[in-house]
Amino acid sequence: MVIEKIELNHFRNYQHLSFEPHEGINLFFGKNGSGKTNLLEAIHYCALGKSHRVSQDAPVIFAGEKAGSCFVTVRSKLGRNEIGVRLQPGDAGGKCVLIDRKKVKKLSDMMGVLRCVIFSPEDLDLIKEGPAVRRRFLDMMISQISRGYFVALQQYRGAMEQRNAILRNSRLMNQAPDPMIEDFEAAMAEQADTIYRERKKIADMMGDEIPRIYQEISGRKDELFQIQYHGFLKRENEQIDAFKRMLRDCREDDQRLGMTSVGPHRDDLHLSLNRKSMKMFASQGQMRTAALSLKLVQLRILTKVSGESPVLLLDDVMSELDLNRRMNLLREIGDIQTFITFSDEGDLDPSQIYRTYAVSSSDGEACIQEIKSGPEVMKTILKEPDFT
Ligand SMILES: Nc1ncnc2c1ncn2[C@@H]1O[C@H](COP(=O)(O)OP(=O)(O)OP(=O)(O)O)[C@@H](O)[C@H]1O
Ligand SMILES: [Mg+2]
């Protein structure tokens, strides 16, 4: 799929922006704090209805304004669609997603219209941080190819919040939980089954591809990177009933904790290098390669399952890779529409960059200017960057 047009209004440090990116590799070059990541964040909003770096919507509205929006026009197997998000916190509308100027009823309706994979320096968290980061990675990835999965996640969370509320209330009142808890546990178990199956399927697909991808990037045949999904149930049959039993058995403990202690919201993806825990034993460089491999496998799977390439967003990752890895990454990208941000000097193959933009900001307002197209561009901008 290809983004034909991007339009931002009062989004982060963009007052108004409208431009038509190239179908190939677009390079955004600018000083720290100029607005490069903000642009990629806007694209992420149009794909998933939320930021990749903050959980709230309010910070992305241009400071001092009451509302903001980001829209893209996408060309894909579905045809040509305009999709975007309008943000107006405090208003009854809050956040609304529009496809071809019509408000969608549910957030799940937007999934799959624009698919994206974002690479950023924070990807290292996938290796270093706790299970929540890896679950979020899996969830965002699967939601882009399965609306049913996204709905199951939402319903599971909703039912779990109700269960937790009942448990906290019963603790407060010092009485047995409301019998309604059975219904919420049944709803959780049903959705947990969908969540488990989808995660397992995708994690297995990833597991098949990841050792080779890691070795291709690192060039080390003696390093085996493996991933394995660790779900909340040990056996795969009779999931729904088994999970309902687990929830019932945990009620007393959960009442004390005031939260649900078992279920897919505690799952993890285990990562190992040569059969040892990646997090505990791997070097910084190995972890970086592993994080990059996870993103590349995400790209491959989204392409395979949906039948078309997502849009690629590479935020400041080139400068972290040595030349070899950078070249391997560019080779993997091939002809996928890509948005690369760059703040450091570095050597990218100029013949692979189709269009280059300078991102600058003055008085807190960002602007993007196409500076020059064609293979000569990198030489020029690396020699005398001028963003004013
Ligand atoms: N809601 C907002 N309104 C106005 N300006 C904002 C808003 N949110 C962030 N900014 C500004 O956007 C700038 C950061 O933009 P961004 O993160 O895109 O920078 P960047 O070009 O990616 O920089 P770096 O190279 O350091 O990663 C900061 O100057 C910040 O003050
Ligand atoms: Mg940035």
Side-chain angles (χ1 to χ4, degrees), residues 3 6-19 21 25-72 84-91 94-96 116-126 288 291-292 295 311-321 326 329 338-348 353 355-371 377-378 381-382 385-388:
I3 293 178
I6 299 178
E7 279 188 287
L8 311 183
N9 277 298
H10 297 149
F11 188 96
R12 290 285 193 189
N13 60 344
Y14 292 93
Q15 278 273 15
H16 305 289
L17 173 76
S18 174
F19 80 105
I25 295 181
N26 297 270
L27 182 70
F28 297 86
F29 197 76
K31 288 179 181 163
N32 295 128
S34 54
K36 301 181 297 296
T37 302
N38 293 345
L39 178 72
L40 303 194
E41 186 178 34
I43 297 175
H44 194 273
Y45 251 98
C46 295
L48 283 141
K50 58 184 174 187
S51 164
H52 66 288
R53 52 178 174 171
V54 293
S55 55
Q56 289 178 348
D57 296 320
V60 308
I61 298 172
F62 193 100
E65 296 292 337
K66 289 197 172 60
S69 67
C70 50
F71 282 89
V72 295
V85 181
R86 208 185 282 145
L87 300 163
Q88 205 160 358
D91 183 71
K95 166 159 76 180
C96 62
C116 73
V117 172
I118 185 159
F119 291 65
S120 72
E122 289 88 49
D123 290 344
L124 208 52
D125 292 351
L126 281 169
R288 235 179 228 136
L292 189 61
K295 287 300 173 94
V311 168
L312 257 190
L313 313 175
L314 304 188
D315 192 15
D316 227 356
V317 288
M318 286 302 185
S319 47
E320 296 206 348
L321 302 173
R326 213 176 284 169
L329 179 59
T338 306
F339 297 77
I340 303 181
T341 74
F342 220 71
S343 52
D344 270 339
E345 289 197 6
D347 33 4
L348 282 176
I353 310 296
R355 212 171 270 171
T356 305
Y357 302 87
V359 184
S360 58
S361 91
S362 74
D363 294 334
E365 197 182 316
C367 96
I368 288 184
Q369 234 182 331
E370 190 179 339
I371 39 179
V377 73
M378 284 304 291
I381 58 170
L382 291 179
D386 177 12
F387 313 116
T388 52

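Note that ligands are numbered from 1 as they come in the structure, with each ligand's atoms numbered from 1 the same way.
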Below 4.0 angstrom from a heavy atom of [X], which ligand 1 atoms are there? Numbered from 1 as shown, please.
X     : value
Ser34 : 19 (O), 20 (P), 21 (O)
Lys31 : 21 (O)
Pro59 : 1 (N), 2 (C), 8 (N)
Ala63 : 1 (N), 2 (C), 3 (N), 4 (C)

Drop me the distance from [X]'s [atom1] to [Y]'s [atom2], to the nearest 0.5 angstrom.
X      : Y      : atom1 : atom2 : result
Phe339 : Ile6   : CZ    : CD1   : 4.5 Å
Ser69  : Leu87  : OG    : CG    : 8.0 Å
Gln88  : Cys96  : CD    : SG    : 8.0 Å
Phe342 : Leu314 : CZ    : CG    : 10.5 Å
Leu17  : Leu39  : CG    : CG    : 6.5 Å
Asp316 : Leu40  : CG    : CG    : 9.5 Å

**Item:** Any pair counted as salt bridge (charged side-chain N to carboxylate O under 4.0 Å, His left out), so long as it reaches residues 116-126, sequence neighbours left out
**Value:**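 For residues 116-126: Asp123-Lys295.
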**Prompt:** atom 26 (O) of ligand 1: which protein heavy atom is closest, and how many Å away?
**Reply:**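 Scanning the protein heavy atoms, the shortest distance from atom 26 (O) of ligand 1 goes to Asn32 ND2, 3.0 Å.
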**Asked** Tell me: protein heavy atom nearest atom 13 (C) of ligand 1, and distance?
**Response**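 Minimum-distance protein heavy atom for atom 13 (C) of ligand 1 reads Gly33 O, 3.4 Å.
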For [atom], tell me which residue out of [options] has the closest non-hydrogen atom.
atom                   : options              : answer
atom 6 (C) of ligand 1 : Asp316, Val54, Asn13 : Asn13
atom 1 (N) of ligand 1 : Thr37, Asn38, Ile61  : Ile61
atom 9 (C) of ligand 1 : Arg53, His10, Arg12  : Arg12

**Asked** Please walk me through it: do Arg86 and Lys95 pass side chain to side chain contact (heavy atoms under 4.5 Å, CB included)?
**Response** CA-CA 6 Å; Arg86 208 185 282 145; Lys95 166 159 76 180; over 6 Å; no
**Request:** Pull up every protein N/O/S atom sitting under 2.8 Å from the Mg ion (ligand 2), skipping waters.
**Result:**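 Near the Mg ion (ligand 2), the protein supplies Thr37 OG1.
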**Request:** With the side chain counted from C-beta on, respond yes when Leu124 and Arg288 share a heavy-atom pair under 4.5 Å apart, and no when they do not.
**Result:**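 Yes - at least one pair of side-chain heavy atoms lies under 4.5 Å apart.
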**Asked** From atom 31 (O) of ligand 1, is the closest protein heavy-atom distance below 4.0 Å?
**Response**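 No; the ligand atom in question lacks any protein heavy-atom contact below 4.0 Å.
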**Request:** Under the side chain to side chain contact (heavy atoms under 4.5 Å, CB included) rule, collect the residues that match up with Ser34, sequence neighbours excluded.
**Result:**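 Residues passing side chain to side chain contact (heavy atoms under 4.5 Å, CB included) with Ser34: Lys36, Val359.
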**Message:** Filter on side chain to side chain donor-acceptor pair (under 3.5 Å), then keep only pairs touching residues 37-47, sequence neighbours left out; what's left?
**Reply:**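 Of all non-adjacent pairs touching residues 37-47, those that pass side chain to side chain donor-acceptor pair (under 3.5 Å) are Arg12-Glu41, Asn13-Asn38, Thr37-Asp315, Asn38-Arg53, Glu41-Ser51, Glu41-Arg53, Tyr45-Asp57.
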